[in-house]
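These notes concern the structure reproduced below.
Just so it is clear, the values below take in all heavy atoms, side chains as well, and ignore hydrogens, waters and symmetry mates. Both counts, for ligands and for their atoms, begin at 1 and track the order of listing.
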Amino acid sequence: MAKIKNKTAFFCSECGMDQSKWFGVCPACGAAGTATEQKIEIRNTSGKVQGISLEVKPVTFDEISTDEENRLVTGIGELDVVLGGGIVPGSLTLVGGDPGIGKSTLLLQVCKALGDKNIEVLYISGEESLSQIKLRAQRIGTMTDHVMVLAETCIENAREAIRRSNAKVVVIDSIQTMFSETLDATPGSVSQVKEVTNLLMRLAKEFSVSVFIVGHVTKEGTVAGPRMLEHMVDTVLYFEGDRHASYRMLRGVKNRFGSTNEIGVFEMKNEGLVEVPNPSEFMLNGRPEDSSGSVVGCTMEGTRPILIEIQALVSKTNFGFPRRQSAGSDMNRLNLMMTVLEKRVGVQIGDCDAYVNIAGGMKITEPGVDLGVIIAVMSSYSNKVIPGDVVAFGEVGLSGEVRAVSGAPFRVSECKKLGFKKVILPYGNMEACRETCGIELLPVKSIAQAINCLNVLQNKD
Ligand SMILES: Nc1ncnc2c1ncn2[C@@H]1O[C@H](COP(=O)(O)OP(=O)(O)OP(=O)(O)O)[C@@H](O)[C@H]1O
Ligand SMILES: [Mg+2]
């Protein structure tokens, strides 16, 4: 009989590392002051190993059958793409995101979509009561009888319910509210989250059910933030977006069964999350015409090109020290671009305040927007309007050169699809895009060339 000893251990709230002694700096991830003490339980099997199975036998790859063709397609196209073509049976997926971003809404919609296809699903909520879930579900639509709901926080009870149900897909909302009876620690603590996830993983493989776990993220990655969960699960999806904008982006951060290059775009509406099949159109909505300091750029989100409006406002500073601010793009990059403009093109912009904004609330880290930022800044500085049918993309280097970016042909065809007539692109990308017809390509080698090119276009208009 196993003897049970109660002990405490110190967990790192950042990465989940545990050890018996207190630590000031986590030896695993280097974070300081993250040690939290928690009770753990040690099962002592007195050195005896029980239940050795003689059945343990390795197999060849040929002998293994795959479930690839058994993927469950939810019918929510954007989600299926991010998952790599549907839900893999027996997989464990973590859906993380800021509070109120729409994680529960999305997963309820998944339940509804699967239920409509006569697939049994079980939604286990530890956060809301049954009537609250119903209220929320009414917003989404009518659920069929294939969708079962359970309000439960004890994972052992939940396990029993899953075992008894025929559910193919189970949603756990959220991992931080679940607790295992075998541990004393409070729900949401690192040891509980680890234990519950382990149990869910075994359960997923054992019953071949696909499990979706909702995980809360806090900015500081406090106790049981899903960071350490990422290692344990098969797929990690992050749901992100601007609180003030209605679009939401679902991004695959890790996927054992597909590419992590894909993103899904949704819009939060009255009736729930609605897919946005054409994000570019969505982002360019409401673009001002005949206004200086505004240009359309093109960024890549995974394999998907998205057109965005880059706005800049440049004016002489009233103080000794110029202000630079950017919303949606990197501010250091803006400072760099301003210096390159001054040094390589000779524009006296050093004593100007500059503000750059990516309209629509998207956050862009990709360098392909550099050229767009430079053009927007120049346009605002010289107070000249950029023609509305021009798109610009390209990375700008420190010598003022315009460097090739990835996925140029996709970017060009996206511009063409949305009715743009001219694209200013890096010379290095020209060869790959030559095939695209119906849109004028203006290759440039440096930012000086790009500015000349725009002067010609502006004078023509
Ligand atoms: N009728 C409605 N019309 C438009 N948007 C709504 C409506 N009702 C709720 N919302 C949006 O849905 C969001 C709630 O989504 P949801 O509860 O799915 O988020 P969550 O990520 O699960 O949050 P939590 O972390 O608190 O569980 C709200 O923040 C609100 O923006
Ligand atoms: Mg929720």
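- Heavy-atom neighbours of Met148 CE from other residues, nucleotides or ligands within 6.0 Å: at or below the threshold of 12.
- Counted within 6.0 Å of NZ on Lys168, heavy atoms from surrounding residues, nucleotides or ligands total 12 or fewer; the atom is thus considered open.
- With a 6.0 Å radius and a threshold of 12 heavy atoms from other residues, nucleotides or ligands, Arg136 has its CZ atom above the threshold.
- Residues Asn166 and Glu120 have side chains that never bring a donor and an acceptor to within less than 3.5 angstrom of each other.
- Using a 3.5 Å distance cut-off with no hydrogens or angles, the side chains of Gln192 and Thr186 do not pair a donor with an acceptor.
- A side chain to side chain contact (heavy atoms under 4.5 Å, CB included) with Asn332 is found for exactly one of Asp330, Leu336, Leu334, namely Asp330.
- Side-chain contact of Glu127 with Thr177: a donor-acceptor pair under 3.5 Å is absent, judged by distance alone.
- In terms of protein heavy-atom proximity, atom 3 (N) of ligand 1 is closest to Asn270 OD1, 3.2 Å.
- Scanning the protein for heavy atoms near atom 17 (O) of ligand 1, the closest one is Arg136 NH1, 2.9 Å.
- Taking every heavy atom of Pro99 and a limit of under 4.0 angstrom, the matching atoms of ligand 1 come to 25 (O).
- The Mg ion (ligand 2) does not have Thr105 among its coordinating residues (no N/O/S atom, backbone or side chain, under 2.8 Å).
- Between the side chains of Glu230 and Tyr238, at least one donor N or O sits under 3.5 Å from an acceptor N or O.
- Considering backbone and side-chain atoms together, Lys103 places an N or O closer than 3.5 Å to an N or O of ligand 1.
- Atom 28 (C) of ligand 1 is approached by the protein to below 4.0 angstrom, counting heavy atoms only.
- Scanning the protein for heavy atoms near atom 22 (O) of ligand 1, the closest one is Ser104 OG, 2.6 Å.
- Side chain to side chain, Asp173 and Ser125 fail the donor-acceptor criterion of an N or O pair below 3.5 Å.
- Comparing Arg139, Met268, Glu267 by heavy-atom distance to atom 6 (C) of ligand 1, the nearest is Arg139.
- Checking only distances, Gly102 does come within under 3.5 Å of ligand 1, N or O to N or O.
- Residue-level proximity to ligand 1 for Glu127 is carried by the side chain, the only part with a heavy atom below 4.0 angstrom.
- In this structure, Glu271 falls outside the shell of residues with a heavy atom less than 4.0 angstrom from ligand 1.
- Less than 4.0 angstrom separates some heavy atom of Thr105 from each of these atoms of ligand 1: 15 (O), 16 (P), 18 (O).
- By the 3.5 Å distance cut-off applied to N or O atoms, Gly100 is counted among the residues near ligand 1.
- The nearest protein atom to atom 4 (C) of ligand 1, hydrogens excluded, is given as Lys269 O, 3.5 Å; this is a heavy-atom distance.
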